[in-house]
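Structure first, commentary second.
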Amino acid sequence: MTKEFATLNYDGKEIKLPLVVGTEGEVAIDIGTLRKETGMVTIDPSFMNTAACFSKITFIDGEKGVLRYRGIPVDELVEKTRFIETAYLLLHGKLPNEDQGNKFSTLLTENSLLHEDMRHFFDRFPRGAHPMSIMATMVNALSTFYPNVDTLSLREAVDTSAARIISTFRTLAAFAYKRSIGEPVVYPRHDLPFCANFLNMMFDSPVKPYEMKPEMVRILNSLLILHADHEQNCSTTAVRTVGSAQVNLYATISAGIAALSGPLHGGANQAVVDMLNRIAKDGNVKKYIDKAKDKNSSFRLMGFGHRVYKTYDPRAKIIKQQCHDFLDVMNMDDPMLNVARELEEEALKDEYFIKRNLYPNVDFYSGIIYRAMGIPENMFTVMFALARLPGWIAHWKEMIKSNSKITRPRQIYIGKTPKN
Ligand code: SDX
């Protein structure tokens with residue numbers, strides 16, 4: 001990072017603020033000495049223009065639609081790896097060799113069982129409880145059953161805790177689904193790889209053995225890889241913030257799950273399908289495009305727009321193609337795909353969306369694939385969370401390793417004073 005300066009002229013003084021340059025050429029002004037030198041702070045609500053940290057995990061170029069995990073483009077990872085290899089890459093900074101891959105796979109299998117006492121927790125949730133609320137609660141509860149990793153020294157325990165969270169979350173998700181449909185839970189098996197194990201836990205039944213289709217395993221690996229990390233998004237910022245107080249890893253991840261459940265964030269994949277259902281019933285795409293543009297309406301095109309991408313989300317491009325191919329190979333037809341395509345086509349021609357650089361994001365087409373896989377709508381964001389776990393944990397590890405101080409931003413007070 002080369003050292004140059006930005007000069008701030010204020011109150012007759014000239015303050016030099018160092019510039020830092022990232023490995024991809026991003027430039028930031030280091031304001032670490034600003035308050036000491038000037039008594040001033042900067043203000044940037046929602047951190048629209050603020051880099052919160054240095055990171056080596058994921059790089060996004062929002063203008064060019066580039067996404068790389070540890071320097072490897074996501075489309076390459078989708079083509080050449082399975083989800084657990086990409087998870088290992090995010091957690092350890094490089095793809096696993098055969099021995100490392102086998103060890104990680106064994107760790108995931110050995111930590112895939114839920115503590116039997118936790119199974120009864122499901123009985124206490126209301127039947128209609130949203131699975132994301134259940135998952136945030138259950139992951140937080142894991143810390144009462146398992147020793148927490150020592151956040152002050154990232155020993156081997158972190159790998160076990162990371163494997164336990166990733167693997168137990170998968171079991172919890174399948175158990176939550178089975179309970180929601182009143183079927184007996186299906187336990188993880190030691191002889192199935194990560195994604196096949198999940199599909200078996202979701203869809204196997206004592207009276208109808210699940211027929212594992214390679215296309216289903218392949219598409220699930222791909223979707224989980226595409227959702228695995230996305231640098232400083234809202235839920236990852238929640239994880240880094242909560243983790244900075246040295247909260248245990250389980251509770252920290254639970255905070256990420258809660259943030260991801262929001263409809264402006266990961267909850268959008270379920271909101272997209274709700275929206276496409278409404279449009280399909282109404283049959284009038286233009287009406288909804290106009291509603292999305294109407295400032296008096298709170299309606300937004302869910303799955304459209306992004307804080308960072310000002311062009312097509314590279315993940316959406318891959319998922320859109322996979323959606324078409326998967327429905328084709330499964331010999332399925334979903335009118336919702338045609339509605340999504342028509343909506344995208346109309347929006348991308350419209351000045352309102354063009355001017356604001358609003359394109360489909362990762363959530364726009366993913367729900368159509370989950371539907372085709374037989375995954376219910378209220379589980380779509382749980383799938384997003386399952387995928388994002390290695391990303392969240394990688395950021396937590398990076399934050400702890402950097403001896404990050406507790407996150408505690410400043411504010412500008414505009415409230416009442418003793419004088420007014
Ligand atoms: C994810 O950050 C990440 O990386 C997240 C994520 C990840 O992998 O972690 O990529 C996953 O969360 C994807 C985003 C999923 N959310 C949605 O699809 C919800 C719909 N999209 C929007 O609500 C919105 O686009 C956001 C929340 C995604 C981004 O919002 P910003 O950056 O705060 O932008 P904004 O709300 O200030 O919008 C700028 C303008 C506004 O119009 P003007 O005030 O300039 O007239 O664009 C308009 C907005 O009204 N706008 C939309 C719109 N999104 C933005 N108008 C209609 N429909 C939309 N979807």
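Atoms within each ligand, like the ligands themselves, are counted from 1 in listed order.
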What is the ring orientation for [X] with [Y], classed by angle as parallel under 30°, tilted 30 to 60°, or perpendicular over 60°?
X: F194; Y: F83; result: tilted
X: H115; Y: Y146; result: perpendicular
X: H230; Y: Y309; result: tilted

Practice prompt. Evaluate the 4.0 Å heavy atom contact test for atom 48 (C) of ligand 1: does a protein atom fall under the cut-off?
Written response: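 Yes.
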Worksheet entry | Residue of the set T237, T236, D229, T58 for which side chain to side chain donor-acceptor pair (under 3.5 Å) holds with H395 |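 Output: one option passes, namely D229.
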Is [X] in contact with ligand 1, taking contact as a heavy-atom separation below 4.0 Å?
X: A292; answer: yes
X: V308; answer: no
X: Y352; answer: yes
X: Q232; answer: no

Nearest protein heavy atom with distance in Å, relative to [atom]:
atom: atom 38 (O) of ligand 1; answer: R300 NH2, 4.0 Å
atom: atom 4 (O) of ligand 1; answer: H230 ND1, 2.6 Å
atom: atom 13 (C) of ligand 1; answer: D363 OD2, 3.5 Å
atom: atom 45 (O) of ligand 1; answer: R356 NE, 3.5 Å
atom: atom 10 (O) of ligand 1; answer: H306 NE2, 2.6 Å
atom: atom 20 (C) of ligand 1; answer: F304 O, 3.4 Å

Under 4.0 Å, heavy-atom basis, I'd like to know which part of [X] is in contact with ligand 1: side chain, backbone, both or neither.
X: F384; answer: side chain
X: R315; answer: side chain
X: L358; answer: side chain
X: R388; answer: side chain
X: H265; answer: both
X: M48; answer: neither
X: L264; answer: both

With side chains defined as the heavy atoms from C-beta onward, is the minimum distance between [X] and [Y] less than 4.5 Å?
X: I72; Y: L95; answer: yes
X: E183; Y: Y177; answer: no
X: L91; Y: I166; answer: yes
X: Y250; Y: R164; answer: yes
X: M336; Y: V273; answer: yes
X: R388; Y: N233; answer: yes

Which atoms from ligand 1 have a heavy atom of [X] less than 4.0 Å away?
X: K295; result: 42 (O), 43 (P), 44 (O), 46 (O), 50 (O)
X: N233; result: 2 (O), 3 (C), 4 (O), 5 (C), 9 (O)
X: G305; result: 25 (O), 28 (C)
X: M302; result: 18 (O), 19 (C)
X: R307; result: 29 (C), 31 (P), 32 (O), 33 (O)
X: G303; result: 17 (C), 18 (O)
X: A268; result: 15 (C), 16 (N), 17 (C), 18 (O)

Discussion item. Do R356 and Y352 form a cation-pi contact, if we require the NZ or CZ to be under 6.0 Å from the six-membered ring centre and within 45 degrees of the ring's axis?
Written reply: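 Yes - R356 lies over the ring of Y352, closer than 6.0 Å to its centre and within 45° of its axis.
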Worksheet item: Between N97 and Q100, is any side-chain donor less than 3.5 angstrom from a side-chain acceptor?
Response: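 Distance-only check passes for N97 and Q100.
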Fill in: N357 versus T311, side-chain donor and acceptor atoms under 3.5 Å
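Per modelled atom types, T311 and N357 side chains form no pair under 3.5 Å.
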Item to complete: With atom 58 (N) of ligand 1 as the reference point, say which of T58, L301, I289 has the nearest heavy atom.
Response: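 The option holding the nearest heavy atom is L301.
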Practice prompt. Answer with yes or no after comparing the ring centroid distance for F145 and F121 against a 6.0 Å cut-off, counting only values under it.
Written response: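 Yes, they do, as the ring centres are separated by less than 6.0 Å.
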Worksheet item: So which of Y359, F299, F364, Y312 actually passes ring pair (Phe, Tyr, Trp, His ring centres under 6.0 Å) with F304?
Response: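 The residue from Y359, F299, F364, Y312 that satisfies ring pair (Phe, Tyr, Trp, His ring centres under 6.0 Å) with F304 turns out to be F364.
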